[in-house]
Amino acid sequence: MPSSATPLRRLTVLSGGVGGARFIQGLLHGLRTGVVPGGSAETEVTVVANTADDWWVHGLKVCPDLDTVMYTLGDGIDVERGWGRRDETWSARTELEAYGVEPTWFGLGDRDIATHLVRTQMLEAGYTLSQVTQALCRRWLSDVHGGRVRLLPMTDDRVETHVAIADPDSASGRRVVHFQEYWVRLRAAVPAEAVLVVGQDTAAPAPGVLDAIADTDLVVLPPSNPVVSVGTILGVPGVRDALRATAAPVVGLSPIVGASHVHGMAAQMLTSIGVEVSAAAVGTHFGARAAGGVLDGWLVDERDAAQLPLLEEAGVRAAAVPLMMRDRAATAAMAAAAVSLVSGAPA
C-alpha cells in the first residue's frame, strides 16, 4: 500500500462527469503541490470514464462524461456550467430549433460540435472509441499534462442508460426514456422507477482498463453518481473482478452529504434501486472487498460522522472529513484524506 515513504507512481480513477472531473482536477493539484501523500507531479493518472450516458443526436456521437473530463483537465471547460466549452456560442442550436428539428431540448454548442464531428467521422471510418478518445486527448491533455494523464472510455461497445418513468397513457403504465432525456429534458423531476443499462452485459472493458486497475498504486472512486456513473463502470463485465483482485487499495468518496447529493441526481437514482440516500448506505452498497465488494476505504463528510460505525460494521474502513469541493485546494485535501485513509500516511 502507498505511504508517505512510498511514492504513488500510478493512480486510477473511475469517473463520471462533472463531479468526477472536478475531483480529478483537485487531485492533480494535490499531486503537483505535494499535498497528496506519496504523490508528485510525476505521478501518472489514468481516468476510466463512464460512457453509458453517450448517445447519438443529430447524427453525431456525443460522449458527455468523456468530454467533461477532457475539457475540465484540458482547461477548456465552462466553469460555471461545469460542462461544455468555455466561451461557447449556440448558433447551430438556434438554427436547428428554427427548422423544428428534435430534440430541441438538447443543445450542442458551436465549439463543442467540432469534437462530436471528429469523433463521429473517426468512428464511421472504423476507429474504436478508445482510439478516438486518444486522438482527441492529444489536443486537450498532452500539452497540459505532458502525457501523465490518460483518459479511457470504460468500454468501446455501445452501452446506454435508460430510465423507466410512470406514463398513465401507456398500456404498461410506464415508459422508458434515454438517460439524457431524463436528465436534460425532465431534469430528473419525476421519480425513476428503474434504471436499465442496455448493452452492458455483453460489453467488454476498453483496452487498458483492466491493466490500469491491476497495475496501479491506488484506485479511487470519486464523488460521482453511484448508480449511473461509477455504477455503470462497475457493471462492465470484468471490472468488479479486477477491483477485487488488484493489489492496490480501493478508496471512495461519498457523493451524498447530509441527506442528499451535492450535485446531479444521485438521490433519484439510489431510490430507484432501493438504496437509502445516505453516505453509509452508498458505502455499504459498494461493499467491503473483504466481503466481496470493491472498497477498502470510504470517506464521508464530517456532517455524516455519526454513520461511521455502520461502515465499520460492514468491514469498510471509514473517516469523516470535509467533502465540499469549494476550490482546488479543498478538493486536493479530500484526495489527500482518501490516500491517508487506506495507506496509514498522515494527511
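Numbers for residues simply follow the sequence, beginning at 1.
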Carefully, step by step, assess R158 and D54 under the rule salt bridge (charged side-chain N to carboxylate O under 4.0 Å, His left out).
-> CA-CA 8 Å; R158 185 167 179 173; D54 297 4; over 6 Å; no

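- Here the side chains of Y182 and M269 are in contact, with some heavy-atom distance below 4.5 Å.
- The side-chain heavy atoms of I213 and L243, taken from C-beta on, include a pair separated by under 4.5 Å.
- Hydrophobic clustering of Ile, Leu, Val, Met, Phe, Trp and Tyr side chains at less than 4.5 Å, counting indirect connections, keeps L234 apart from L299.
- Salt-bridge annotation for D296 and R289: present, with a side-chain N of the basic residue lying under 4.0 Å from a carboxylate O of the acidic one.
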Donor-acceptor list for residues 141-149 side chains, cut-off 3.5 Å, not counting sequence neighbours:
residue	atom	partner	partner atom	Å
H145	NE2	L73	O	2.8
R148	NE	A41	O	2.8

Using distance only, find each side-chain donor-acceptor pair of residues 318-332 under 3.5 Å and give its atom names and separation, not counting sequence neighbours.
residue	atom	partner	partner atom	Å
D327	OD1	A329	N	3.2
D327	OD1	A330	N	2.7
T331	OG1	D327	O	2.9

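- Within the 4.5 Å cutoff, side-chain heavy atoms of L311 are placed close to those of V300.
- Here the side chains of V219 and V294 are not in contact, with every heavy-atom distance at 4.5 Å or above.
- Side-chain contact check for S229 versus D65: some heavy-atom pair is nearer than 4.5 Å.
- Taking the centre and axis of the six-membered ring of F106, the NZ or CZ atom of R185 falls outside the cone set by 45° and 6.0 Å.
- A distance of 11.5 Å separates CG of L60 from CH2 of W55, quoted to the nearest 0.5 Å.
- The aromatic rings of W183 and H263 sit perpendicular, their planes meeting at an angle over 60°, well past the 30° parallel limit.
- Residues P205 and T155 form no side-chain contact, since every pair of their non-hydrogen atoms from C-beta on lies 4.5 Å or further apart.
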